[in-house]
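First listed ligand is number 1; within each ligand, the first listed atom is number 1. Note that these values count all heavy atoms, side chains included, but never hydrogens, waters or copies made by symmetry.
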Amino acid sequence: MKFATALLASVSLAVASLPAIEVNGNAFWNSKTGDRFYIRGVDYQPRNNGTLVDPLADESICLRDVEYFKELGLNTVRVYTVDNSLDHSTCMEALDQAGIYLILDVNTPEASISRYAPACSYNARYLQSILSTVDVFAKYDNVLGFFAGNEVINDMENTTAAAPYVKAVVRDMKQYMRAQNYRAIPVGYSAADVTSNVYQTAAYFNCGNDEDARIDMLGVNDYSWCGASSFVTSGYKNKVTKYTGYSLPIFFSEYGCNTVGDSRAFSEVGTIYSKQMTGVFSGGLVYEYSEEDNNYGLVELDENGNATTLPDFDNLRNELNATSDPTGDGGYAASNSISSCPTFEAGVWEVANETLPELPSAASIFFKSGAGEPLGTDIGDTQWGCYDNNEANVSSSSAPASSSSSTAQTSSSSSSPTASASSSASSSSKALANSVVIPAFYNIVYSMGTNAFGSAIAMLLIVSGVAVLA
Ligand SMILES: *[C@@H]1O[C@H](CO)[C@@H](O)[C@H](O)[C@H]1NC(C)=O
Ligand SMILES: *[C@@H]1O[C@H](CO)[C@@H](O)[C@H](O)[C@H]1NC(C)=O
Ligand SMILES: *[C@@H]1O[C@H](CO)[C@@H](O)[C@H](O)[C@H]1NC(C)=O
Ligand SMILES: *[C@@H]1O[C@H](CO)[C@@H](O)[C@H](O)[C@H]1NC(C)=O
Ligand SMILES: *[C@@H]1O[C@H](CO)[C@@H](O)[C@H](O)[C@H]1NC(C)=O
Ligand SMILES: *[C@@H]1O[C@H](CO)[C@@H](O)[C@H](O)[C@H]1NC(C)=O
């Protein structure tokens with residue numbers, strides 16, 4: 001069975017490939033049928049006996065889970081981080097065969113834009129990492145989109161200063177795909193569930209004269225529907241109003257509040273795929289597939305990797321199955337205007353103008369010759385140089401050194417799943433004072449790479465959502 005699957009993938013027998021998903025107006029479309037496409041997804045980053053791994057590079061993991069995805073009736077999964085040096089063909093093929101698209105966050109804990117030292121973290125080596133991830137995945141038609149960043153901007157006001165760097169990454173990814181003659185895979189940003197600046201964030205990534213720097217899709221992480229709520233009570237109605245007129249597809253890049261009761265009924269599903277929402281929203285992804293310390297799982301994985309479904313799994317499957325997509329175009333908007341850039345407001349939105357950082361000069365070669373060999377997660381000293389040394393020591397134009405270089409200076413884990421504040425961490429994190437709870441992500445150590453990422457140090461960083469660095 002395993003052999004047959006591997007063989008199938010390696011010789012690329014003629015298999016029907018999913019048609020690419022395209023953006024038109026504020027909606028997604030199936031490029032073959034012309035039907036509107038609504039994301040019916042889950043967030044997918046199962047650990048392997050406690051260790052964060054690339055689930056798309058291990059067929060014992062992905063082939064196990066694709067069967068559950070099919071039972072849930074999914075058409076999309078979001079993966080927060082991968083190891084770009086590994087082979088993903090078997091898993092990508094299995095997803096394709098199951099009718100499932102991928103939304104991929106291109107960052108890793110070791111290659112991300114840092115909230116607190118964004119200039120330092122935006123460097124050629126960082127770009128080599130994420131652009132080579134684009135190289136690896138661009139060939140798959142079932143890649144729905146890439147996220148250039150996740151929750152880099154949160155309710156710490158000074159994190160808005162990182163926004164121009166993330167937007168520069170959007171620009172670089174789009175220009176890189178064009179330079180390499182790849183399909184123009186949609187590039188998005190996944191925004192934190194924070195009331196203080198989420199609308200400014202949405203506007204910022206969809207404003208300005210530089211079309212390349214504007215995102216193609218917006219993910220919003222949203223935990224507002226808790227228990228037996230409603231369109232109005234949850235705040236969904238207010239969000240539909242606020243986002244009406246936004247010119248791009250918006251979807252929940254995480255949803256599924258777990259603060260009420262022992263299991264989640266997912267009563268929001270019927271509303272998410274109703275015409276109350278679909279003029280503005282295009283579905284969403286439930287956080288998350290596997291049960292982890294923060295209790296958002298649909299399935300429990302034991303130390304041997306055996307999976308058991310939890311009540312949330314049955315509830316979600318039943319709700320999705322009872323909910324059809326709206327007929328026709330779902331009330332989408334064909335041609336809204338781009339957003340106006342948010343105005344500078346001290347303590348709220350501290351970005352003065354449209355100016356973006358320039359591409360680090362050492363990265364320009366990628367656009368001519370490609371980003372080179374994917375270096376996986378073994379990319380060197382990462383963000384530690386941004387903090388431990390003076391910033392001049394970690395210039396933003398460092399050369400894409402070899403993987404053995406000790407002067408690598410890729411950036412922080414602040415936008416990665418392993419670093420965002422979790423609900424369990426929030427009480428201990430000064431960064432989250434006054435904040436809404438952001439129940440995302442893992443308090444765990446990323447250890448699929450081989451470099452010296454001291455686990456105790458990483459844990460400290462991760463659990464406290466980078467505030468420890470302040
Ligand atoms: C799972 O991890 C635990 C603790 O790290 C270890 O003791 C155990 O041997 C692992 N189990 C398997 C099957 O690898
Ligand atoms: C769990 O996984 C182990 C190792 O793959 C296997 O031997 C065992 O039969 C599995 N147990 C169950 C209950 O499926
Ligand atoms: C619900 O499940 C049935 C049986 O598997 C299937 O035929 C139907 O298409 C599903 N409906 C939805 C909306 O997924
Ligand atoms: C834009 O703002 C930055 C600081 O945020 C400033 O350095 C730069 O000069 C401004 N550019 C323009 C054209 O106003
Ligand atoms: C950069 O940091 C390293 C490690 O701390 C140090 O050895 C080196 O002297 C620094 N270089 C400069 C130019 O500051
Ligand atoms: C952001 O604010 C925090 C808390 O006030 C502070 O510790 C940190 O140094 C600030 N970061 C920057 C880049 O200003």
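- In this structure, atom 2 (O) of ligand 3 has a protein heavy-atom contact shorter than 4.0 Å.
- Under the 30°/60° scheme for interplanar angles, the aromatic rings of Tyr243 and Tyr246 are found to stand perpendicular.
- Considering backbone and side-chain atoms together, Asn321 places an N or O closer than 3.5 Å to an N or O of ligand 3.
- Closest to atom 12 (C) of ligand 4 among all protein heavy atoms lies Asn353 ND2, 3.1 Å.
- Proximity to Thr323 (heavy-atom distance under 4.0 Å) selects the following atoms of ligand 3: 13 (C).
- Put simply, no part of Asp325 is less than 4.0 Å from ligand 3, judged by heavy atoms.
- Side-chain atoms of Ser190 and Asn221 form a donor-acceptor pair, as typed in the model, at a separation below 3.5 Å.
- In this structure, atom 14 (O) of ligand 3 is in close contact with the protein, since a protein heavy atom lies within 4.0 Å of it.
- At a distance under 4.0 Å, no protein heavy atom can be found next to atom 9 (O) of ligand 1.
- With 3.5 Å as the limit, one finds no donor-acceptor pair spanning the side chains of Thr343 and Glu345.
- Taking every heavy atom of Ala352 and a limit of under 4.0 angstrom, the matching atoms of ligand 4 come to 2 (O), 5 (O).
- For atom 5 (O) of ligand 3, no protein heavy-atom neighbour is present inside the 4.0 Å cut-off.
- Near Asn49, meaning under 4.0 Å from any of its heavy atoms, are these atoms of ligand 1: 1 (C), 2 (O), 3 (C), 8 (C), 10 (C), 11 (N), 12 (C), 14 (O).
- The backbone N or O of Thr278 lies less than 3.5 Å from a partner atom in the side chain of Arg36, making a donor-acceptor pair.
- Shown in contact with Asn304 at under 4.0 Å from a heavy atom are these atoms of ligand 1, numbered in order with element: 13 (C).
- Of the residues listed (Leu320, Val42, Leu74), the one engaging Val286 in a side-chain contact (heavy atoms from CB on, under 4.5 Å) is Val42, and it is the only one.
- Taking the six-membered ring where the residue is Trp, Phe313 and Tyr68 present perpendicular rings, their angle passing 60° and hence far from 30°.
- Checked for salt-bridge contact, Arg264 and Asp312 meet the test: a charged N lies under 4.0 Å from a carboxylate O.
- With 3.5 Å as the limit, one finds a donor-acceptor pair spanning the side chains of Tyr44 and Asp65.
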